[in-house]
Amino acid sequence: MKATIWHNPKCGTSRNTLAILEERDGVEVEVIEYLKNPPSREKLAQLYADAGMTPAEGLRMRGTDAEERGLPEADADTVLDAMVAEPILIERPLVETEKGVRLCRPKETVEEIL
């Protein structure tokens, strides 16, 4: 099975989720440091749709100005545009496998798609 993780190496939850993936037998892990290589707007929309969540539910609030900008209440297009312009607004880690997509907070959430 292939697993793609949109990862921030400075984030403990992201590092711990990556460790779960790397320790799992039969899982080929692709690591994308999303702050360096952000997903396209289309990819982000697809990830959130596949996870069954709205872009606003995928907003990183801590350490960002998302609240001040009114992004939690904004429409999906506005949130996606902001995330593409400033990838720090993307909550992490997002993990995609053939079984689906999850925002892995807490890290154990990744088990649902392995």
Side-chain angles (χ1 to χ4, degrees):
M1 167 187 289
K2 181 180 177 186
T4 302
I5 180 171
W6 280 267
H7 175 63
N8 181 346
K10 293 181 180 177
C11 171
T13 302
S14 195
R15 288 191 309 270
N16 291 332
T17 303
L18 178 58
I20 291 170
L21 292 170
E22 290 176 334
E23 291 168 2
R24 183 64 61 99
D25 288 338
V27 175
E28 175 191 331
V29 182
E30 178 184 6
V31 178
I32 300 173
E33 289 189 34
Y34 73 93
L35 292 175
K36 293 180 182 177
N37 299 298
S40 68
R41 188 181 193 286
E42 295 74 23
K43 184 63 178 180
L44 265 178
Q46 174 252 305
L47 289 168
Y48 292 130
D50 289 353
M53 58 191 295
T54 67
E57 291 171 320
L59 267 172
R60 176 142 181 95
M61 304 302 291
R62 202 166 133 215
T64 73
D65 64 351
E67 188 76 47
E68 293 82 1
R69 293 167 60 181
L71 291 174
E73 295 80 31
D75 63 74
D77 287 332
T78 300
V79 174
L80 287 170
D81 289 342
M83 289 174 163
V84 168
E86 298 175 60
I88 193 68
L89 292 168
I90 302 169
E91 185 64 276
R92 74 273 181 153
L94 282 164
V95 178
E96 180 178 35
T97 72
E98 62 197 34
K99 294 183 178 180
V101 176
R102 293 291 181 276
L103 175 58
C104 296
R105 298 186 86 71
K107 67 184 183 294
E108 294 83 10
T109 306
V110 76
E111 299 289 347
E112 296 174 9
I113 55 171
L114 292 178

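The structure places CE of Met61 at 8.0 Å from CD of Glu68, a figure rounded to the nearest 0.5 Å. Put simply, CH2 on Trp6 and OG1 on Thr17 are 14.0 Å apart, with the number rounded to the nearest 0.5 Å. Glu57 CD to Glu91 CD: the interatomic distance, rounded to the nearest 0.5 Å, is 12.5 Å. Residue Ile113 holds its CD1 atom at 10.5 Å from CD of Glu98, rounded to the nearest 0.5 Å. If you take CZ on Arg102 and CG on Leu47, they are separated by 12.0 Å, rounding to the nearest 0.5 Å. Between the CD atom in Glu23 and the CG atom in Leu18 there is a gap of 9.5 Å [rounded to 0.5 Å].
A single hydrophobic cluster is seen to contain both Leu80 and Ile88, as judged by linkage of ILVMFWY side chains at heavy-atom distances under 4.5 Å, directly or through other members. The hydrophobic cluster containing Ile32 also contains Tyr48, counting ILVMFWY residues as joined when their side-chain heavy atoms lie under 4.5 angstrom apart, directly or transitively. Put simply, Leu103 and Val101 are part of the same group of oily side chains (I, L, V, M, F, W, Y) that touch within less than 4.5 Å, one to the next.
Salt-bridge check for Glu111 with Arg24: passed, with a basic side-chain N closer than 4.0 Å to an acidic carboxylate O. In summary, Lys43 and Asp50 do not engage in a salt bridge, as defined by a charged side-chain N under 4.0 Å from a carboxylate O.
Side-chain contact between Leu94 and Tyr34 is absent, with no heavy-atom pair separated by less than 4.5 Å. A heavy-atom distance below 4.5 Å is found between the side chains of Leu114 and Leu21. At a threshold of 4.5 Å between non-hydrogen side-chain atoms, the residues Leu59 and Pro72 count as touching. A heavy-atom distance below 4.5 Å is found between the side chains of Arg41 and Asp77. In this structure, the side chains of His7 and Arg15 come closer than 4.5 Å at one or more pairs of heavy atoms. Taking 4.5 Å as the limit, every side-chain heavy atom of Ser14 sits out of range of all side-chain heavy atoms of Lys107. Side-chain contact between Thr13 and Pro93 is present, with at least one heavy-atom pair separated by less than 4.5 Å. Using a 4.5 Å heavy-atom threshold, the side chains of Arg60 and Asn8 count as separate.
Shortest non-hydrogen contact noted between Arg105 and Cys11 is NH1-SG, 3.9 Å. Shortest non-hydrogen contact noted between Val84 and Ser40 is CG2-C, 4.3 Å. Residues Cys104 and Thr109 approach most closely at CA-CB, 4.0 Å, considering heavy atoms. What you find for Ala3 and Val27 is that their closest heavy atoms are CB-CG1, 3.8 Å. Contact between Glu33 and Pro9 at its shortest, heavy atoms only, is OE1-CG, 3.6 Å. Minimum heavy-atom separation, Leu35 to Pro87: CD2-C, 3.8 Å.
With hydrogens and angles ignored, the 3.5 Å screen pairs a side-chain donor or acceptor of Asp75 with a backbone N or O of Thr78.
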